[in-house]
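Notes for the one structure printed next.
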Protein chains: 2
Amino acid sequence: MLFQAPQEKEKLDPRVKRTRNLIFRAFGELLAEKGFQAITVQDIAYRAEINRATFYAHFPDKYALLQYSIRRAFEEELQQRTLSACHYSEENLRALIVTVCDFVTQSGHHCKAAGGQFDALVEGQVRAQVQELMQFWLKQRSMPPDEADIASTAAAWAIYGLAQHWARSKPQPPLDAYVQRISPLVRSLLMASTLSD
Amino acid sequence: MLFQAPQEKEKLDPRVKRTRNLIFRAFGELLAEKGFQAITVQDIAYRAEINRATFYAHFPDKYALLQYSIRRAFEEELQQRTLSACHYSEENLRALIVTVCDFVTQSGHHCKAAGGQFDALVEGQVRAQVQELMQFWLKQRSMPPDEADIASTAAAWAIYGLAQHWARSKPQPPLDAYVQRISPLVRSLLMASTLSD
DNA sequence: GCTCCTTTGTTGCTTAAACAACACATCAGG
DNA sequence: CCTGATGTGTTGTTTAAGCAACAAAGGAGC
């Protein structure tokens with residue numbers, strides 16, 4: 001992939017990579033089975049076939065793992081939709097918005113059992129990644145860094161906000177139509193300076 | 001489980017256990033995809049997320065892994081059918097025969113691409129385990145060891161031979177009927193001395 | 001025959017994971 | 001209240017897995 005996440009870059013000890021994969025998968029399974037609070041670190045370690053102390057070598061606690069997992073889940077979602085290693089285009093922007101909408105709904109009813117902090121975590125991680133990706137797009141199109149910062153930040157917040165709005169709205173309009181409607185708004189935020197293509 | 005396989009007993013370093021699991025699964029996947037000869041040790045190591053040298057720390061070569069895998073696959077088959085931790089009964093004996101028949105057919109067309117040695121390996125491993133299990137049954141019923149050896153050996157060979165015969169016979173009679181027909185033969189082998197129950 | 005390339009086994013040295021043991025927090029029940 | 005049980009973090013020591021580099025065995029193609 002061309003757009004590698006800033007964290008977890010380059011060469012990482014394969015044992016570390018594998019261990020995190022194991023923890024990630026185990027956590028995902030448990031999350032689906034029991035809900036967040038009911039999960040203990042022991043559960044995770046057992047399921048992942050690792051020692052409990054090893055868990056703490058990678059994450060301070062299960063909340064940190066939750067955060068990491070949200071980020072990874074969203075990353076994988078992006079990769080599966082062939083985004084993340086892409087350039088800017090209207091189509092990719094719409095796809096990105098769709099991904100965020102889906103992810104927000106998913107995380108909404110996937111595990112409502114994680115205290116009020118859950119939504120905040122999802123929001124933070126997803127927004128950060130959306131912003132990074134769009135920043136990457138803009139720099140690729142040679143927008144000056146500080147402008148790209150501002151534009152991508154604004155657009156990321158807007159996308160997340162609109163996604164949440166859609167997810168909560170009753171009745172829910174068809175996603176396609178909604179995205180068609182809002183993507184020009186986001187585009188205008190992104191392209192405030194360079195208005196071509 | 002009450003009837004633990006003689007190898008791989010008691011407490012084994014969890015890393016070893018996990019590594020072997022990873023290798024076992026990776027090998028199973030590759031076997032389904034490419035066939036035995038096409039698989040390299042590198043493939044297995046890559047798929048299992050382990051170092052190639054680690055593979056050699058566990059198995060001399062891929063043939064040894066094949067042998068190990070056959071044994072494990074059959075073990076798991078037994079456990080799934082709730083055998084292996086059981087006492088002798090007519091029903092369990094029939095279930096055992098059914099398992100062997102299924103396993104022989106499976107391994108027959110699952111990967112025909114492993115030289116002529118493949119069948120021999122399956123045969124050896126399966127027969128050994130069938131024999132061990134029945135020996136366990138007999139000793140549980142306080143048959144003297146040397147008698148149990150002989151009886152279980154004869155029965156194991158008979159079961160495997162009859163399973164192979166069934167798998168190759170055309171047209172194949174219904175498995176249920178076939179097992180009903182042959183299980184008394186096996187039973188007579190097992191119970192040659194103690195003819196009660 | 002001869003390369004070039006891939007795969008195979010093998011070997012010190014390095015590093016991450018396992019363990020056991022610890023002090024501490026939390027909570028249900030007598 | 002206290003007691004037993006369970007989960008949390010942390011630490012030093014031990015052990016398995018990773019790495020890089022090696023020699024050697026096979027193939028494929030010229």
- Message: Need to verify one output field. Residue with the more 5' nearest nucleotide on DNA chain D, P14(A) or D43(A)?
- Response: D43(A)
- Taking the nucleotide of DNA chain D with the closest heavy atom to each, which residue, A53(A) or V16(B), is nearer the 5' end?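 Checking each residue's closest nucleotide, the 5'-ward one belongs to A53(A).
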- Task: Assess whether side chain to side chain contact (heavy atoms under 4.5 Å, CB included) is satisfied between Y68(A) and R20(A), documenting all intermediate values.
- Result: CA-CA 10 Å; Y68(A) 167 88; R20(A) 293 195 186 156; 3.7 Å; yes
Just list the side-chain donor-acceptor pairs under 3.5 Å for residues 151-164 of chain B, sequence neighbours left out, or say none.
from: S152(B); atom 1: OG; to: Q131(B); atom 2: NE2; distance (Å): 3.0
from: S152(B); atom 1: OG; to: A148(B); atom 2: O; distance (Å): 2.7
from: S152(B); atom 1: OG; to: D149(B); atom 2: O; distance (Å): 3.1
from: T153(B); atom 1: OG1; to: D149(B); atom 2: O; distance (Å): 2.7

- Hey, does the side chain of N92(B) reach the backbone of H87(B) with a donor-acceptor pair shorter than 3.5 angstrom?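 Checked: pair present.
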[X] [atom1] - [N] [atom2] separation (whole Å):
X	N	atom1	atom2	answer
R18(A)	dA17(D)	CZ	P	8 Å
K17(A)	dC19(D)	NZ	P	10 Å
Q42(A)	dA5(D)	CD	C1'	12 Å
F55(A)	dG9(D)	CZ	P	8 Å
D61(A)	dG9(D)	CG	P	6 Å
L22(B)	dA16(D)	CG	P	16 Å

- Within residues 44-52 of chain B, residues whose heavy atoms come under 4.0 Å of DNA chain C: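 Heavy-atom contacts with DNA chain C come from R52(B).
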- Query: If you walk 5' to 3' along DNA chain C, what is the first nucleotide with an atom under 4.0 Å of a heavy atom in chain B, and what is the last?
  - Reply: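 With heavy atoms of chain B under 4.0 Å away, the range is dT7(C) to dC19(C).
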- Task: To the nearest 10°, let me know how far the axis at one end of the helix from dG1(C)-dC30(D) to dG30(C)-dC1(D) is tilted from the axis at the other, five pairs an end.
- Result: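 Both end axes considered, the difference amounts to 40°.
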- Message: If you count heavy atoms of other groups shown closer than 6.0 angstrom to NE2 of H58(B), is the number above 12?
- Response: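 Yes, because the 6.0 Å sphere around NE2 of H58(B) holds more than 12 heavy atoms from other groups.
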- Per nearest nucleotide of DNA chain C, the residue lying toward the 5' end, D13(A) or P60(B), is P60(B)
[Y]/[X] salt bridge by N-O under 4.0 Å criterion:
X	Y	result
R52(B)	D43(B)	no
E91(B)	R187(B)	no
E147(A)	K139(A)	no
D176(B)	R181(B)	no

- Which residues pass the salt bridge (charged side-chain N to carboxylate O under 4.0 Å, His left out) test with R94(A), sequence neighbours left out? none
Side-chain N,O ([X]) to OP1/OP2 ([N]) below 4.0 Å:
X	N	result
T40(A)	dG7(D)	no
H58(B)	dA17(D)	yes
Y56(A)	dG9(D)	yes

- Return yes if a side-chain donor-acceptor contact under 3.5 Å exists between N21(B) and R72(B), otherwise no. yes
- Query: For R18(A), which residues count as a side chain to side chain contact (heavy atoms under 4.5 Å, CB included) partner, sequence neighbours excluded?
  - Reply: R15(A), L22(A), R18(B), L22(B), E49(B), I50(B)
- Do the ring centers of F36(B) and Y63(B) come within less than 6.0 Å of each other? yes
